[in-house]
Amino acid sequence: MLIRSKIVQKLHEITTKKGWDIAPENIVVEQPPKIQMGDFATTLPLALVKSLRRKPVDIANEIASEFSMDEVASVQPLPNGYINFFFSTPFLQSCFKSVLENPRGFISNPSGMGKKALVEFVSANPTGPLTVANGRSAPIGDAIANLLEIQGYHCDREFFINDMGAKAQKVAKSVFFYYAQQLHHPIPPPEEMYPGDYVPLLASSYIEKEGDALLHMPPEKAIEVLQEYCISKMISSIREDLEFFQIYFQSWFKESTLHDGYIQDTFQQLCSQKVVEEKEGAHWFLTTQFGDEKDRVLIRSNGLPTYLLGDIAYHRNKLERGYDLCVDVWGADQSHVNPLKWALEVLGFASDSLKTVTFQLVHLFRDNKEVKMSKSGGNYITLRDLLNEAGPDVSRFVYLSRSNEQHLNFDLDVAKNRDPKSPVFYAQYAFTRCKGIGREAEACQIDIPHRWDDVDISLLTNPSEIQVLRRFAIMPELLDRACSSLAPHLVTQDIHILANDFHSFYENCRVIDTTNIELTKARLLLVKGIEQLLSVLFAIIGIQTPERM
RNA sequence: GCGCCUGUAGCUCAGGGGAAGAGCAUUUGCCUUCUAAGCAAGUGGCCGGGGGUUCAAAUCCCUCCAGGCGCGCCA
């Protein structure tokens, strides 16, 4: 149980005993803005002012005098009606011990234990390379999967390949045009030419592999062959980009596998629930029943299923594969979240079995000016370009330092220079310093303590040492917030404050001191705790733990 | 026009009923000792405007202003 919940429970016991009427969910316990103010604070006295018709400070004093918990050493009622709580030394030490024994377990809230989750992300159309814009979903989805694993879920990552779309066909037609041109049998260009340098390259790579065979078959057949070739080629290039980003998918799910009767079956199931109606030759999902502004087409008048129906079938498939939770990471331009959720409910799935995380667009800046990107205009910067310039760690950190729902302004100049002012350097530098201390200890032939019992923790009395211990104690609360809201950027923030505490400690407390071995050992253990906790947090957002910088 | 997102320090952004925050920029101290890619302190704010709910609003509601995205029998 989180310490915060324990404090709420204790406060509720007190109010109940006194006959004051307030529900536990209305008792606010939170971290004060500054750590000097305490580890937790409550505004409970203020909430009681009206019903009790008493001064906040009096209520605060009365509650504080009744409050007693092993984990809390000091309870400070304030004149403005707040009550601040400070953790007790034994509690801080027990948290420290947990950090050393099992840092990952310490920050985990195993609410997903025994459950399976599937995170679907990126799922970019296989019609071109990943860009800096749609690449945003890569670190977000990966970090969300990591957060779910922290909660005990068995989590898989899946990439949905849209291999049936009209866009894939357009690319194939454009490639066919270049193919014929390069073989000196020019044909008229297609109505819509796909821009981008990679389009003619696809043509020449096919020529290299298969020669002019396509010229000897009917154009429709040739385009079909090319379409399949282009998709597999683009997918493997996307896969390479993602692997360079150290993102790996358990499954690559092709839309076409749903077209073998599964989509039709899903459609029939919806029909049998009486939420489908035929109008103007098409079949409509009656979403206005759920409050939608208009109904949505499931099967077009030409008999082909819409994207929505395909997506409903796909999500039904995911849930039928036994996942308790499906998370989708979607760009802000996806607008069919609600119709999809309604359909899944109609099909009998729990409404909370699908969570969607949306992310806003990315704006790129170079020389303080916005770089306009447009894929259809052939003007874009690829994810690979970014990774080559900035490296995976800086890229991840920038992507994950803002809330998903914020528009992200990505400054390419910062990335390009591998700016040492970047927050990722600050965090990784803290880790490197930990490692440096370890090397120094070895050089001085000081045994690095491995067992809790080998050291005297009570020697850690410096304010910056105490602050590190207090930060350890609060870490499970911080991670719980990140997990429950599937918000990796909060982890990025937590890393920053922990790194800050460490740098401050490093400055104030010389660790290696051959004249005071006992204190040195205690501090080495503290450094080990920080190092382990940083490793776990770095792993969540997917950045490296460098030995040296 | 309708829907979603956004407006917080000079810049980029966290916070999303409770005590205004971080990084960058800027000013000033701190290296013969574990990496100064660091630490410490300072400057900088009617949290877009106005109204409402509340003991309490940057946060919730209404309205206005400004920006982004979406609004096909596209995917």
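Values reported hereafter were calculated over all heavy atoms of this structure, with side chains retained and with hydrogens, waters and symmetry mates removed. The shown structure was predicted, so the numbers you read here are calculated from the model rather than taken from an experiment. A, B, ... follow the sequence lines: proteins, then strands. Residue 1 opens every chain.
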>> Does B:C39 have its OP1 or OP2 closer than 4.0 Å to a side-chain nitrogen or oxygen of A:N500?
In response: yes

> Is there a donor-acceptor contact under 3.5 Å from the side chain of A:S301 to the main chain of A:G281?
Replying inline: no

>> Any N or O donor-acceptor pair under 3.5 Å from the base of B:A19 to the side chain of A:N84?
In response: yes

>> Work out how far the C1' atom of B:A36 is from that of B:C69, and round it to whole angstrom.
In response: 44 Å

> Is B:C30 paired to anything, Watson-Crick or G-U wobble with both distances less than 3.5 Å, and if yes, which nucleotide?
Replying inline: B:G38

>> Assuming nearest nucleotide by heavy-atom distance, tell me which of A:A487 and A:E405 is located more 5' along RNA chain B.
In response: A:E405

>> Is a donor from one side chain sitting under 3.5 angstrom from an acceptor on the other, for A:D501 and A:S504?
In response: no

>> Does the Lys NZ or Arg CZ of A:R433 fall within the cation-pi geometry relative to A:Y506 - under 6.0 Å from the ring centre and within 45° of the axis?
In response: yes

> Base, sugar-phosphate, or nothing for A:A430, non-hydrogen atoms under 4.0 angstrom?
Replying inline: nothing

>> I'd like the P distance from B:G67 over to B:C61, given in whole Å.
In response: 23 Å

> Rounded to the nearest Å, what distance is computed from the CG atom of residue A:L408 to the P atom of nucleotide B:U6?
Replying inline: 14 Å

> Picking from B:A36, B:G18, B:G7, which would you name as closest to the side chain of A:V28?
Replying inline: B:G18

> Within this structure, what is the OH-to-P distance between A:Y82 and B:C55, rounded to whole angstrom?
Replying inline: 16 Å

> Which one is paired to B:C4, where only Watson-Crick or G-U wobble pairs with both distances under 3.5 angstrom count?
Replying inline: B:G68

> For B:U59, which nucleotide in any strand shown is its Watson-Crick or wobble partner with both distances under 3.5 Å?
Replying inline: none

>> Could you tell me how far B:G17 sits from B:C5 if I compare only their P atoms? Round to whole Å.
In response: 14 Å

> After noting the C-alpha distance and the side-chain angles of A:H315 and A:L354, does the key distance pass the side chain to side chain contact (heavy atoms under 4.5 Å, CB included) rule?
Replying inline: CA-CA 9 Å; A:H315 283 81; A:L354 172 66; 3.8 Å; yes

>> Regarding A:H283, tell me which of base, sugar-phosphate or nothing describes its non-hydrogen contacts under 4.0 Å with the strands shown.
In response: nothing

> A:L490 has a side chain; which of B:C13, B:G38, B:G15 sits nearest to it?
Replying inline: B:G15

>> Whole angstroms only, please: what is the CZ-C1' distance between A:R296 and B:G3?
In response: 10 Å

> Rounded to whole angstrom units, what separation is found between the CD atom of A:Q36 and the P atom of B:G21?
Replying inline: 11 Å

>> Over all strands shown, is A:T42 touching base, sugar-phosphate only, or nothing at heavy-atom distances under 4.0 angstrom?
In response: nothing

>> If I take atom CG in residue A:D292 and atom C1' in nucleotide B:C4, what distance separates them, rounded to the nearest angstrom?
In response: 13 Å

> Can any side-chain N or O of A:N61 pair as donor or acceptor with the backbone N or O of A:V57 at less than 3.5 Å?
Replying inline: yes

> Do A:W330 and A:H336 have ring centres separated by under 6.0 Å?
Replying inline: yes

> Can you check the A:F359 CZ to B:C13 C1' distance for me, whole Å?
Replying inline: 19 Å

>> Would you say A:H489 and A:N404 are linked by a side-chain donor-acceptor pair, where the criterion is simply a distance under 3.5 Å?
In response: no

>> Please classify B:C31 as syn or anti, treating any glycosidic angle within 90° of 0 as syn.
In response: syn

>> Under 4.0 Å, heavy atoms only, any strand: does A:D311 hit a base, just the sugar-phosphate, or nothing?
In response: nothing

> Can you tell me how far P in B:U53 sits from the matching atom in B:C39, rounded to whole Å?
Replying inline: 47 Å

>> Output one letter per nucleotide in nucleotides 69-75 of chain B: B when a protein non-hydrogen atom lies under 4.0 Å from the base, S when only the sugar-phosphate is that close, - when neither is.
In response: SSSSBSB

>> Distance check, C1' atoms only: B:G44 and B:U26, in whole angstrom units.
In response: 9 Å

> Rounding to the closest angstrom, what is the interatomic distance between B:G16 and B:U63 at atom P?
Replying inline: 25 Å

> Taking NE2 from A:H496 and C1' from B:G38, how many angstroms apart are they, rounded to a whole number?
Replying inline: 12 Å

Side-chain donor/acceptor pairs under 3.5 Å, residues 542-549 of chain A, sequence neighbours excluded:
| from | atom 1 | to | atom 2 | distance (Å) |
| --- | --- | --- | --- | --- |
| A:Q544 | NE2 | A:Q246 | OE1 | 2.9 |

> Say you pick atom C1' in B:C11 and the same atom in B:G45; how far apart are they, in whole Å?
Replying inline: 14 Å

>> Is the ring pair A:F87/A:F40 parallel, tilted or perpendicular, if the boundaries are 30 and 60 degrees?
In response: perpendicular

> Looking at residues 504-517 of chain A, who's got a heavy atom less than 4.0 Å off RNA chain B?
Replying inline: A:S504, A:Y506, A:E507, A:C509, A:R510, A:V511, A:I512

> Hey, does A:R53 reach any base, or is it just sugar-phosphate, or nothing, if we go heavy atoms under 4.0 Å?
Replying inline: nothing

> Can you find a side-chain donor-acceptor pair between A:T127 and A:N125 that sits under 3.5 Å?
Replying inline: no

> Mind checking the P distance from B:C62 to B:G3? Whole angstroms is fine.
Replying inline: 11 Å

>> Suppose we define a pair by two distances each less than 3.5 Å, Watson-Crick or G-U wobble; what does B:A75 pair with here?
In response: none

>> Both distances below 3.5 Å, Watson-Crick or wobble geometry, any strand: find the nucleotide opposite B:C47.
In response: none

> Looking only at side chains, do A:Y426 and A:N500 share a donor and an acceptor under 3.5 Å apart?
Replying inline: yes

> 5'-most contact on RNA chain B: A:G438 or A:H503, nearest heavy atom basis?
Replying inline: A:G438

> Heavy atoms, side chains only, cut-off 4.5 Å: are A:R296 and A:D292 in contact?
Replying inline: yes

> To the nearest Å, how far apart are A:E25 CD and B:G17 P?
Replying inline: 15 Å

> What is the pairing partner of B:C11, taking Watson-Crick or G-U wobble pairs with both distances under 3.5 Å in any strand?
Replying inline: B:G23

> With a 3.5 Å cut-off and no angle check, do the side chains of A:S256 and A:D163 form a donor-acceptor pair?
Replying inline: yes

> Taking OP1 and OP2 of B:G21, is either one under 4.0 Å from a side-chain nitrogen or oxygen of A:K34?
Replying inline: yes

> Under a 3.5 Å cut-off for both distances, is B:U54 Watson-Crick or wobble paired, and to whom?
Replying inline: none

> How would you label the contact of A:A47 with the nucleic acid (heavy atoms, under 4.0 Å): base, sugar-phosphate, or nothing?
Replying inline: base

